[in-house]
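Note sheet for the following structure.
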Amino acid sequence: MPTNQSYAQVAEVLESGGVALVPTDTVYGLAALPSIAAAGARIFDLKGRAYDKNLPFLVDSISDIRGLGAALSPAAVRLIDSDYMPGPLTLALGFDVSLPRPTWLQGRIEVAVRIPADRELRWLIRRVGPLLCTSANASGSAVLQSVDEILPTLSGEPDIVVDGGSRSSVASTLVNCRPDPPVVEREGAIPAETILEVLRGE
């Protein structure tokens, strides 16, 4: 299992249907292309995650978000335009029925997206497209900070590993933008009160 691979090699592995363990600007993540169903299934298996818990996406821009067919309310746009995106902020969005969506999102009622503040990771997303990506820990277990800690906890091995040293154990803050007003469903790196201030225009 190779480590310290360049992101060009990661792209090749993902495009061939592999799963990558990559550092993000928050925690380590397991990533795969959503268009390859078997790759997404392997993320569930590696984590021991229930199949009815949808995986979030890493994207590069608001254009990518629209390309997923997501509905962007004024509140969602306010959060996207804030100082916290790119960054540790994940938005759960519904779908705009007037927009096409990829076949691999058919049947879902929402999609969770994040724009990471990591130059290399965003290069990778621009190269291969939006990524399924979730924290690289066994489901229900603590988020770990290093590759050496993470790998023994997974039910199998990723196809490629990028060792970015120690990372945070604090995940992104998750805001559900489907209700009006939006709801902070998981307080992570950004305090809930900070999110509410952004939504209030403060």
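Computed from a predicted structure; not experimentally measured.
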Looking only at non-hydrogen atoms, find the nearest pair between [X] and [Y] and report the distance.
{"X": "Gly29", "Y": "Cys133", "answer": "CA-SG, 3.9 Å"}
{"X": "Val128", "Y": "Ala11", "answer": "CG1-CB, 3.7 Å"}
{"X": "Ala32", "Y": "Leu14", "answer": "CA-CD2, 3.8 Å"}
{"X": "Ala41", "Y": "Tyr51", "answer": "O-OH, 3.6 Å"}
{"X": "Glu15", "Y": "Ile36", "answer": "O-CD1, 4.0 Å"}
{"X": "Leu131", "Y": "Leu33", "answer": "CD2-CD2, 3.8 Å"}

Please tell me if the side chains of [X] and [Y] come closer than 4.5 Å, counting only heavy atoms from C-beta onward.
{"X": "Arg178", "Y": "Ile109", "answer": "yes"}
{"X": "Asp163", "Y": "Tyr28", "answer": "yes"}
{"X": "Leu30", "Y": "Pro158", "answer": "yes"}
{"X": "Leu79", "Y": "Tyr84", "answer": "no"}
{"X": "Lys53", "Y": "Thr134", "answer": "no"}
{"X": "Ile150", "Y": "Leu144", "answer": "yes"}
{"X": "Leu68", "Y": "Trp104", "answer": "yes"}
{"X": "Glu12", "Y": "Arg127", "answer": "yes"}

Under 4.5 Å between side-chain heavy atoms, hopping through other hydrophobics if needed: is there a path connecting [X] to [Y]?
{"X": "Ile43", "Y": "Phe57", "answer": "yes"}
{"X": "Ile65", "Y": "Val77", "answer": "yes"}
{"X": "Val143", "Y": "Leu55", "answer": "no"}
{"X": "Val183", "Y": "Val113", "answer": "no"}
{"X": "Val22", "Y": "Val170", "answer": "no"}

Can you spot which of Leu72, Val59, Asp96 makes a side chain to side chain contact (heavy atoms under 4.5 Å, CB included) with Arg66? Leu72

Inter-residue atom distance [X].[atom1] - [Y].[atom2], 0.5 Å rounding:
{"X": "Ser141", "Y": "Lys47", "atom1": "OG", "atom2": "NZ", "answer": "8.5 Å"}
{"X": "Arg119", "Y": "Tyr7", "atom1": "CZ", "atom2": "OH", "answer": "10.0 Å"}
{"X": "Ile115", "Y": "Ile125", "atom1": "CD1", "atom2": "CD1", "answer": "9.0 Å"}
{"X": "Leu46", "Y": "Ser139", "atom1": "CG", "atom2": "OG", "answer": "12.0 Å"}
{"X": "Thr90", "Y": "Met85", "atom1": "OG1", "atom2": "CE", "answer": "6.5 Å"}

Before giving the answer on side-chain contact (heavy atoms from CB on, under 4.5 Å), spell out for Val184 and Ile190 the whole-Å C-alpha distance, their side-chain angles and the decisive distance to 0.1 Å. CA-CA 10 Å; Val184 177; Ile190 305 171; over 6 Å; no

Run Leu124 and Leu121 through side-chain contact (heavy atoms from CB on, under 4.5 Å) and show every step you take. CA-CA 5 Å; Leu124 177 66; Leu121 189 53; 4.1 Å; yes

Answer yes or no: is there a donor N or O on one side and an acceptor on the other, between the side chain of [X] and the main chain of [Y], under 3.5 Å?
{"X": "Ser135", "Y": "Asn137", "result": "no"}
{"X": "Gln145", "Y": "Arg167", "result": "yes"}
{"X": "Arg101", "Y": "Arg108", "result": "yes"}
{"X": "Glu110", "Y": "Ala92", "result": "no"}
{"X": "Arg114", "Y": "Gly87", "result": "yes"}

Among side-chain atoms of Ser172 and Thr26, is any donor-acceptor pair under 3.5 angstrom?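 Absent: no donor and acceptor within the cut-off.
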
Return the set of residues passing side-chain contact (heavy atoms from CB on, under 4.5 Å) with Pro182 (not counting sequence neighbours), or none when no residue passes. Ala75, Val175, Cys177, Leu199

Are there more than 12 heavy atoms of other residues, nucleotides or ligands under 6.0 Å from atom CZ of Arg186?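 More than 12 heavy atoms, drawn from other residues, nucleotides or ligands, come within 6.0 Å of this atom.
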
Arg122 bridged to Asp64 by N-O distance under 4.0 Å: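 No salt bridge links Arg122 with Asp64.
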
